[in-house]
Amino acid sequence: MQKMYDAVVNSPKTELVTAITAIDTDIEVADASVLLQPEGLAVIGNGEGAETIRYTEMDGNVLKGCIRGFQGTSKSWAVGTRLARNFTAYDHDTFKENIEQHDTDITALSDRLDIADTYTVTLQAGIQVVHAERDSRFRMGEIKGRTLINLIGDAGSGEKVSSWMQSGVTFSLDSSVKNGRTTSLRVQASSSTTEEHFLYTSRIPIMATKYYLFSGYIKPGAGSEAIIRPITFSGTGVTGDWGVVVPKIKDATKFSLAHYAIQAPADTKELELRLHVINANGYANFSEISVYEITAAEYTALSGMTPEQVGAKYPFVPSGIVGVDNPYVIGYGENLMPPFYEVSLTSMATLIDAYTVSIKATEAFQNFNYKVKIIPGKYVLKLDSITDRGFFKLDGLDASGNTVAENLVVATGIGAYRFTVSPNIDSLNVVVSSFEAGTFVFKNPMLTLGSTPKPFKPRRDTMLALQTELHANPVDGSEPDVLFERDAQYFKLAKWKKVMLDGALPWEFHDAATGYKVVRVTGGKISGFADSANNNKFVTKYNGVKLPWIDGSGNEGAFWNDLNFIGGSFLLVTMNKDTGWGDAYTPTAEEIKAYFMGWKMYDGSVGLYPGTGQKYWVSIKEWGNGNSTASATLPTTKIPDNVGTNHWSPYQLLYRLAKETVEPVVSEGALRLNEGGNLIEVGTGIVLRERANPVTNGTTIVYRFINRTSFPESLLKNKTREILHVYSDNKEQTSLWTKVYDDANGLVRATFGNLTQDFNTSAAYSVTYIKLERSPIQPITGSLANNEKAQLSDLTAGVTEALQRVSVVEQKKAEKDAPVWIMPTLLNGWGNFSDPRFAFQGYKKNSLNIVSLAGMVTGGATGAVPIFRLPVGYRPINSLRFTVSTSSGSTAQVQINNIGEVSVIVGDSATGTSLTLSFLAEQ
C-alpha cells in the first residue's frame with residue numbers, strides 16, 4: 001500500500017521567508033502551522049511551473065528533509081513565493097492505486113476462502129525436514145510397493161553363526177559391538193601369514209549374465225582391513241573372483257558400508273560369499289550382509305550413489321520375500337525433546353513430572369544420558385530452569401554411535417543456546433549432569449528447528465500408520481501394489497499375492513527321483529496365478545534361498561505351477577537332504593505337512609529315513625546341533641521358535657495375480673504439520689496395538705515386564721527396534737512404563753515399576769512398536785493445505801471421516817455381536833448330515849473372540865485327517881480335544897489343532913458326528 005497524506009481544509013497558504021536554490025532541503029516558511037504536521041506534501045508556486053515537495057519533519061517553521069521535485073521540476077524560488085497543501089497528482093494516483101490494491105487483496109482473500117489450494121509433497125525414506133506454509137493435515141496420495149529378496153537370508157544378520165563355515169579364522173557373536181541389531185559377527189584371523197582368513201557361505205544359486213549387489217557393514221579392529229568377496233562358479237570351476245577390486249574397509253572407529261555390484265559371467269550357476277579379514281591376527285565385526293539381484297539400470301546407477309544412499313535403498317532384510325511392510329510416517333512435535341519418562345533414568349535420577357527431573361549426585365559429572373533423532377541444520381535449545389552448577393549437554397553422534405562433535409551445547413542456565421548440526425551427525429547424545437555433588441533439577445527442555453527460541457511446549461508427535469505389505473516384481477520393481485486413500489479409508493490395489501507355504505496347506509506327494517521329491521498343492525487351493533510361466537512368481541526356501549523355476553539349478557530345490565493340472569496345481573521340488581526322506585521312501589501327506597512346519601525326518605541317528613524301521617523327527621533349527629526336539633511321534637504343530645540355532649522360516653511364495661483386487665487397509669492416526677519446518681520420519685515395520693502379556697516379578701517392589709527375554713511369556717511376536725506406545729484397555733499408558741535397553745527381545749522392552757500408580761491386573765494391555773527387522777521404505781506422496789479454504793475443507797473432511805469411521809466401527813461391532821455363519825468346504829469324504837434340522841451350519845466368531853461351530857457331519861475319514869480348516873484368526877492357540885455326541889447315541893473325539901484342522905480323531909463316520917462346540921480363538 002502506498003502512503004497517503006491527509007488534506008488541509010481550503011488549502012491555506014504561507015510564503016517562503018528566504019530564497020531557495022534547486023537543491024536546498026531545509027526550507028523556512030512564514031507559518032508552518034497551515035501545513036500538515038510533522039510531515040507531508042506542499043506545493044511551491046502556481047500553475048504549470050509549480051513544484052511539489054515532500055518533507056519528513058518540522059523544526060518550528062523550517063521544513064526539513066525535503067525531497068525536491070517530488071513532482072514537477074526542482075528549481076530556485078524567490079522570497080515571498082506562496083506555498084500550500086494543495087491536492088496533488090500524487091494524492092490522486094495513490095488513492096486510485098490503493099483502491100485497486102484493496103480490490104486485488106479482497107479478491108485474493110475471497111479466493112483463499114472460496115477455492116481450496118493445496119500443493120504436492122513427497123516424503124522420502126528416513127528423517128527429513130518438511131516445510132508447511134500453514135498448519136495442515138497431510139493428505140496421502142499413494143505409496144507404491146517394492147520387494148526385496150536377500151539371497152543369503154538371515155545368514156547375514158550378524159546374529160547367527162550356524163550358516164557360516166570357516167577358513168583360517170575363529171568367529172563368534174559379539175553383543176558389545178553392534179550396528180543397530182542385538183549382535184554382530186566377530187571374525188578373528190589366525191596368526192598364519194600363508195593362508196587366507198575368511199568365513200564363507202554354502203553356494204547360492206544365481207543366473208549367468210544377471211546383475212547382483214553385495215553389501216554389508218564392517219567395523220575392523222585397529223590396524224585391520226576387511227572385505228566382502230564374491231566368487232562365482234559354474235558346474236566345474238570358478239567363473240569370477242572379485243577379491244582384488246572390492247573395497248577394503250579400514251576405519252576402525254565405526255561400521256562402514258562395503259558394497260560392490262557384478263554381472264555374473266557366462267556359465268555361472270552359483271555364488272559363494274566370503275567375509276575376509278586381510279591381516280594375520282587381525283579381526284573385524286560384520287553385520288547386515290545382503291545379496292540382491294538387481295537390474296542393468298540399477299547396476300549403472302550405483303556408480304553415482306554414496307554408501308549412505310546404497311544402504312538406504314537396499315537395506316538388509318531377513319529371510320523370505322519382503323515387501324513394504326506396515327509403512328508409517330511420524331511428525332515429531334515442535335519440541336524435539338522427548339519426555340523424561342521415555343528415557344532410561346539411572347538410580348541417581350528421580351522423575352518429578354514428564355519434563356522435570358532431578359539428579360542426586362555424590363560427585364561431579366555423574367549423569368544419565370539418552371539419544372534424540374536429528375538431521376543436519378540449525379537448532380536452538382532452551383530450558384525453563386536449571387539448578388546452579390547443573391548442566392545439560394549435547395554431543396553429536398554418527399550413525400554407529402561414536403561421538404564426533406563433543407559439547408555442541410553445554411547449557412548451564414535458562415538462556416537460548418543456538419548450534420548447528422553438521423552432515424556427519426546422525427543423532428544427539430543428551431547428557432544430564434552437574435559440576436559438583438548435590439541435588440539438581442532440570443525443567444522443561446525445549447529443542448526446536450531454526451534459530452528462534454520458542455516458549456516451552458511438550459512434544460506432541462503425530463503419526464499415520466498402515467497395516468499392510470506392498471509388493472512389486474522383486475527383480476525389476478515393475479507392476480507395484482499401490483496404497484491410496486478414498487472416502488476416508490485406506491485401500492490397497494493388490495497386484496501380487498504372498499502365500500506362506502506352511503503345514504496348513506493340503507500337500508500331496510507328486511513324484512520322486514534320486515536326491516529329491518516333488519510335492520504339490522492341487523485343486524486351485526493356491527489360486528489366482530496370472531499364468532503358468534516363469535518371471536512373475538518367486539519362492540524362497542526355509543533357509544531364505546531363492547528357488548529357481550523348474551528349468552534352473554536344482555541343488556536347493558525348484559518350483560513351478562500348472563493352471564491346467566488337477567484343477568490348478570503348485571509343485572515344489574524338495575531335496576532329500578533337507579526333508580530327511582530317503583530315495584526309497586514316499587512320504588505321507590501328514591509327513592509332508594510336518595516338513596513345511598519345520599520338521600526333518602531321520603533314522604534316529606544321522607541319516608535319511610530309508611523306508612524301514614522307526615521314524616524320528618527333529619526341528620530343522622536343531623539338526624546337527626542338538627536333539628532336544630527329537631521325537632518318534634509325527635509332529636502336527638510348527639517347530640518351537642526358541643529352540644535351536646539354525647535358521648528356519650516358512651517357505652514363501654509371491655506371484656502376480658491374474659485379476660487385481662482392492663483391499664481395505666487397517667490404519668491409525670493422521671499426520672499433522674505445523675507452519676514452518678517439521679521433522680518427519682518415514683519408515684516401515686510398525687505394529688499397531690499388539691496384545692501384550694505383562695509378566696509380574698518381585699515381592700517388595702513389584703515390576704511388570706513386556707518383551708523381556710528372561711520372561712518368555714512376556715515376549716511380543718516380533719523383535720523390537722522401538723516401543724512407541726503402551727495401552728491399558730485401549731487407553732494410553734506409555735508415561736507409566738519405562739523403556740529398558742537390555743535383556744530385550746530385540747533392542748527394547750518396557751517395565752512398569754511405578755509405586756504411586758496401581759497396576760490394573762484385569763486390564764487388557766497392548767503395544768504399538770517398530771519391528772527390528774527392516775523392509776524396503778518407499779516415498780509417500782500427498783498434499784498440504786496452501787490457504788484457509790483448504791484448511792477449512794480439510795477440517796470438515798476430517799470431522800466427516802471421523803464420524804464415518806465411528807459408523808463403520810459401530811457397524812463392524814454389530815456384525816461381530818451378531819456374526820453370520822461361514823460354511824467351509826468339507827474335505828476327505830465328509831458331508832453334511834442328512835436331517836436339515838441337525839445339518840452342519842459352519843463356524844462364526846463373536847466380539848469376545850469366541851469361535852462357535854454348530855451341526856453334524858457324516859461319512860468321512862477319521863483320524864488325523866481334516867474335515868475342514870479354520871482360517872487364521874479362528875484357530876485356538878493350542879490344540880484342543882472335545883468329547884461330542886453322535887446320532888447313534890455314542891460319543892466321538894473331535895480335535896482342533898493350532899493350524900486350524902478340525903478332525904474326528906475317534907468316532908464312527910457312518911453316523912452323524914456333532915461339531916457343536918466353542919473355544920477362545922488365538923489373539
Side-chain angles (χ1 to χ4, degrees), residues 121-128 130 132 135-143 324-336 338-339 342 373 457-470 483-492 663-674 678-692 718 720-735 737 765-771 775 777-785 791 794-809 812:
V121 173
T122 299
L123 307 179
Q124 302 293 341
I127 300 178
Q128 63 224 266
V130 176
D135 293 348
S136 177
R137 182 170 67 129
F138 177 77
R139 300 300 301 264
M140 197 188 78
E142 66 177 26
I143 310 173
V324 179
D325 178 37
N326 295 355
Y328 68 87
V329 53
I330 297 175
Y332 295 105
E334 285 187 87
N335 186 1
L336 301 179
E342 288 192 7
K373 293 180 180 179
K457 61 174 61 175
R459 178 162 158 176
R460 292 285 185 266
D461 297 345
T462 61
M463 177 181 69
L464 171 61
L466 302 139
Q467 299 287 274
T468 189
E469 189 170 9
L470 303 169
L483 192 149
F484 61 94
E485 182 181 0
R486 184 179 68 193
D487 298 331
Q489 296 186 61
Y490 293 94
F491 297 89
K492 176 174 73 173
E663 305 169 358
V665 172
V666 174
S667 66
E668 182 173 299
L671 177 66
R672 178 184 178 276
L673 276 70
N674 300 307
N678 295 263
L679 197 64
I680 302 294
E681 180 179 2
V682 176
T684 53
I686 194 166
V687 178
L688 295 176
R689 299 178 187 259
E690 180 183 307
R691 183 70 177 267
N718 305 280
T720 57
R721 184 172 297 276
E722 185 59 86
I723 291 177
L724 300 178
H725 302 283
V726 180
Y727 301 95
S728 172
D729 285 337
N730 284 323
K731 296 179 181 178
E732 178 83 36
Q733 200 187 54
T734 309
S735 63
W737 292 78
Y765 287 85
S766 58
V767 177
T768 292
Y769 64 95
I770 296 174
K771 293 188 281 189
S775 70
I777 305 173
Q778 288 287 81
I780 303 176
T781 63
S783 62
L784 295 172
Q791 286 179 300
D794 192 55
L795 177 62
T796 304
V799 172
T800 303
E801 290 169 10
L803 292 173
Q804 181 173 337
R805 290 191 180 193
V806 169
S807 176
V808 169
V809 169
K812 288 183 176 179

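The structure presented is a predicted model; accordingly, all values stated were derived computationally and were not measured.
- S775 places no side-chain N or O within donor-acceptor distance of the main-chain N or O of T684, the cut-off being under 3.5 Å.
- In this structure, CD1 on I777 lies 11.0 Å from CD on Q124, to the nearest 0.5 angstrom.
- To the nearest 0.5 Å, the span separating OH on Y332 from CD on E681 amounts to 3.5 Å.
- Under the 4.5 Å side-chain criterion, counting only non-hydrogen atoms from C-beta, M140 is not in contact with V329.
- Note that the CG atom of L336 and the CG atom of D461 stand 9.0 Å from one another [nearest 0.5 Å].
- To the nearest 0.5 Å, atom CD of residue E668 and atom CD of residue Q467 are 8.5 Å apart.
- Rounding to the nearest 0.5 angstrom, the gap separating the CG atom in N674 from the CZ atom in R460 is 12.0 Å.
- Between P664 and F491, the closest heavy-atom pair is CA-CD2, 3.7 Å.
- By the 4.5 Å heavy-atom criterion applied to side chains, F138 and V130 are not counted as neighbours.
- Contact detail for A670 and T462: the closest heavy-atom pair is O-CB, 3.5 Å.
- At a threshold of 4.5 Å between non-hydrogen side-chain atoms, the residues V121 and L673 do not count as touching.
- Here the closest heavy-atom approach between residue E690 and residue N718 is recorded as OE1-ND2, 4.0 Å.
- With contacts defined as side-chain heavy-atom distances shorter than 4.5 Å, the pair E663/T468 does not qualify.
- Smallest separation of non-hydrogen atoms from I680 and G331: CD1-CA, 3.6 Å.
- Taking every heavy atom of both residues into account, A785 and S136 meet most closely at N-OG, 2.9 Å.
- Here the CG atom belonging to L679 is positioned 9.0 Å from the NZ atom belonging to K373, to the nearest 0.5 angstrom.
- Test V726, V767, V666, N730 against R689 for side-chain contact (heavy atoms from CB on, under 4.5 Å) and you get one pass: N730.
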Before you tell me yes or no, could you show the steps for I686 and L724 under side chain to side chain contact (heavy atoms under 4.5 Å, CB included), namely the whole-Å CA-CA distance, both residues' side-chain angles and the distance that decides it to 0.1 Å? CA-CA 9 Å; I686 194 166; L724 300 178; 3.7 Å; yes
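- A search for salt bridge (charged side-chain N to carboxylate O under 4.0 Å, His left out) contacts involving E732 returns nothing, not counting sequence neighbours.
- No side-chain heavy atom of T768 sits under 4.5 Å from any side-chain heavy atom of Y328.
- Considering all non-hydrogen atoms of both residues, L688 and A465 come closest at CD2-CB, 3.7 Å.
- Remark: N326 pairs with no residue by the side chain to side chain donor-acceptor pair (under 3.5 Å) rule, at least two apart or across chains.
- Considering only heavy atoms from C-beta on, V324 stays 4.5 Å or farther from L483 through its side chain.
- A side-chain donor-acceptor contact under 3.5 Å links Q128 to the backbone of G126.
- Residues that satisfy the salt bridge (charged side-chain N to carboxylate O under 4.0 Å, His left out) test with E469, not counting sequence neighbours, are K498.
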